Amino acid sequence: MVDYKISTYEEAVQVIKEVGLLPLSPLIPHYPSLDSITSKEQWYSGSDDDPWMWRARFPVDGVAAYGKFIKKKSILISCELLPFVRAILGSKDTVAKRFNDGLVSREAMELFRLISEEEGIDTRVLRTKAGMKDKEKKKQFDNALLELQGSMDIVVSGTKEKTNVSGEKNGWSSTSFETLTYWSENNHVEQRKIEMDEAKQELKNHFAKICGPESMKTLEKIFKL
């Protein structure tokens, strides 16, 4: 595996294109993460070279789909690899059908409906519209978002700044969400139906070219290759 060391957004884009799947923090043995290939001093600096700021820029620029897709951890997936990952981790059935079959929680179904109606919706607005603004409902809200990301039904589409009535920045930026289908269409990601066997073979071939035995072993478990 290449020992990547980068310091700019453009270099990060190139790494994502090469590896196809890049966790934000270490997740796979002897495999890069955005955290491991950048300097600790760069993080949370608020500058153009802050990887924490990049995470929202990747999906906006159409470089990678971003979300907590694997083990509730934040992952970046290149547009080239996304259709194959989705074929394995996602579902062929709609969220509505899975809800009717008892496979999706009521909270997740409601959040998915709201996100579908207002693509790019701010987390704060989403929580209010879902009637989950109360403190005791925060866990349900967070779990529903994790559920939808884990099944690859939604992605993080970027961040939105909190502003006051005068339009001035006021507080922390908030995450925004889109359905994966909407994000994929806007970023020209292949939409054809891919069979499971084809997806697994494509991922196996891709990772075999760049990974060592330990990394490959973990990836085989994640994707059941």
Side-chain angles (χ1 to χ4, degrees), residues 1-2 4 12-34 36-37 54-55 57-95 97-98 103-104 108 112 115-116 119 145-157 177-225:
M1 191 89 208
V2 176
Y4 293 101
V13 169
Q14 189 57 42
V15 172
I16 291 170
K17 287 181 179 179
E18 289 178 16
V19 300
L21 185 148
L22 185 68
L24 250 65
S25 57
L27 178 68
I28 302 160
H30 305 296
Y31 186 93
S33 66
L34 190 59
S36 69
I37 64 176
W54 300 347
R55 84 197 192 289
R57 189 175 166 187
F58 294 126
V60 170
D61 291 350
V63 172
Y66 174 48
K68 294 183 177 180
F69 304 128
I70 300 169
K71 297 183 179 180
K72 300 180 181 179
K73 302 294 184 184
S74 296
I75 310 288
L76 294 154
I77 304 173
S78 71
C79 292
E80 291 73 26
L81 230 58
L82 182 60
F84 306 113
V85 174
R86 185 183 193 182
I88 297 170
L89 299 184
S91 173
K92 293 179 181 178
D93 295 327
T94 64
V95 176
K97 183 179 187 308
R98 280 147 46 210
L103 301 174
V104 172
F112 184 78
I115 293 168
S116 300
E119 299 280 2
L145 284 177
L146 283 172
E147 183 181 343
L148 291 170
Q149 290 172 83
S151 54
M152 300 199 75
D153 291 301
I154 65 170
V155 297
V156 174
S157 57
F177 288 95
E178 292 177 354
T179 61
L180 178 55
T181 298
Y182 182 85
W183 187 88
S184 297
E185 287 174 351
N186 282 345
N187 292 286
H188 312 294
V189 176
E190 186 177 3
Q191 295 288 317
R192 73 180 174 89
K193 183 180 177 181
I194 298 174
E195 295 300 325
M196 185 75 73
D197 288 346
E198 179 190 351
K200 288 185 176 183
Q201 193 58 55
E202 286 287 342
L203 289 190
K204 195 167 188 176
N205 292 343
H206 169 76
F207 288 121
K209 293 174 185 175
I210 61 174
C211 294
E214 280 195 68
S215 305
M216 199 66 197
K217 189 176 180 181
T218 299
L219 287 160
E220 284 173 350
K221 285 183 180 178
I222 290 171
F223 297 113
K224 298 179 174 61
L225 302 179

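What you see is a predicted model; the values in this text were computed from it and never measured. When a residue number appears, it is its place in the shown sequence, counting from 1. Reckoned from all heavy atoms, side chains included, excluding hydrogens, waters and symmetry mates.
- The shortest distance between side-chain heavy atoms of Leu145 and Phe177 falls below 4.5 Å.
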Under the side chain to side chain contact (heavy atoms under 4.5 Å, CB included) rule, what do Lys97 and Lys92 come out as? Steps first, then yes or no, please. CA-CA 10 Å; Lys97 183 179 187 308; Lys92 293 179 181 178; over 6 Å; no
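- Going from atom CZ of Arg55 over to atom CG of Leu76 covers 10.5 Å, rounded to the nearest 0.5 Å.
- Here the closest non-hydrogen pair linking Gly62 and Cys79 is O-SG, 3.2 Å.
- Contact check for Ser157 versus Glu119: no side-chain heavy atoms found under the 4.5 Å cut-off.
- To the nearest 0.5 Å, the span separating CG on Leu146 from OG on Ser151 amounts to 10.5 Å.
- Within a 6.0 Å sphere centred on NZ of Lys200, other residues, nucleotides and ligands contribute more than 12 heavy atoms.
- For the side-chain contact (heavy atoms from CB on, under 4.5 Å) test, residues two or more places apart in sequence or in another chain that qualify with Ser78 are Ile16, Glu80, Leu81.
- Atom CG of Leu82 is separated from atom CG of Leu180 by 5.5 Å, given to the nearest 0.5 angstrom.
- Closest approach of Val155 to Ala65, counting heavy atoms only: CG1-CB, 4.4 Å.
- Counting all heavy atoms, side chain and backbone alike, Pro32 lies closest to Met1 at CD-CE, 3.3 Å.
- Under the 4.5 Å side-chain criterion, counting only non-hydrogen atoms from C-beta, Lys73 is not in contact with Leu24.
- Considering CG of Asn205 and CG of Leu225, their distance stands at 10.0 Å, rounded to 0.5 Å.
- Each of Ile77, Ile194, Thr181 was evaluated against Arg86; a single residue qualifies, Thr181, per the side-chain contact (heavy atoms from CB on, under 4.5 Å) test.
- Here the shortest heavy-atom pairing between Pro83 and Val189 reads CG-CG1, 3.8 Å.
- The distance from the CG atom of Asp153 to the CZ atom of Arg98 is 4.0 Å, given to the nearest 0.5 Å.
- Taking every heavy atom of both residues into account, Trp183 and Ala64 meet most closely at CZ2-O, 3.3 Å.
- Judged as a side-chain hydrogen bond (donor to acceptor under 3.5 Å, both in side chains), and not counting sequence neighbours, Gln191 has no contacts.
- No side-chain donor from either of Asp197 and Gln201 sits under 3.5 Å from a side-chain acceptor of the other.
- Using a 4.5 Å cut-off on side-chain heavy atoms (C-beta onward), Val13 and Trp54 make no contact.
- Considering CD of Glu147 and CD1 of Ile154, their distance stands at 10.0 Å, rounded to 0.5 Å.
- Annotation: side chain of Leu21 is in contact with side chain of Ile70 (closest heavy-atom distance under 4.5 Å).
- Every residue two or more places apart in sequence or in another chain was checked for a ring-ring contact (aromatic ring centres under 6.0 Å, His included) with Phe84, and none qualifies.
- Taking the six-membered ring where the residue is Trp, Phe207 and Tyr31 present perpendicular rings, their angle passing 60° and hence far from 30°.
- For residues 203-222, no pair satisfies salt bridge (Lys or Arg N to Asp or Glu O under 4.0 Å), with sequence neighbours left out.
- For Glu190, the salt bridge (Lys or Arg N to Asp or Glu O under 4.0 Å) test picks out Arg192, with sequence neighbours left out.
- At a threshold of 4.5 Å between non-hydrogen side-chain atoms, the residues Ile75 and Lys68 do not count as touching.
- Between Ala199 and Ile88, the shortest heavy-atom contact is CB-CG1, 3.9 Å.
- For Glu18, the side-chain contact (heavy atoms from CB on, under 4.5 Å) criterion is met by Tyr4, Gln14, not counting sequence neighbours.
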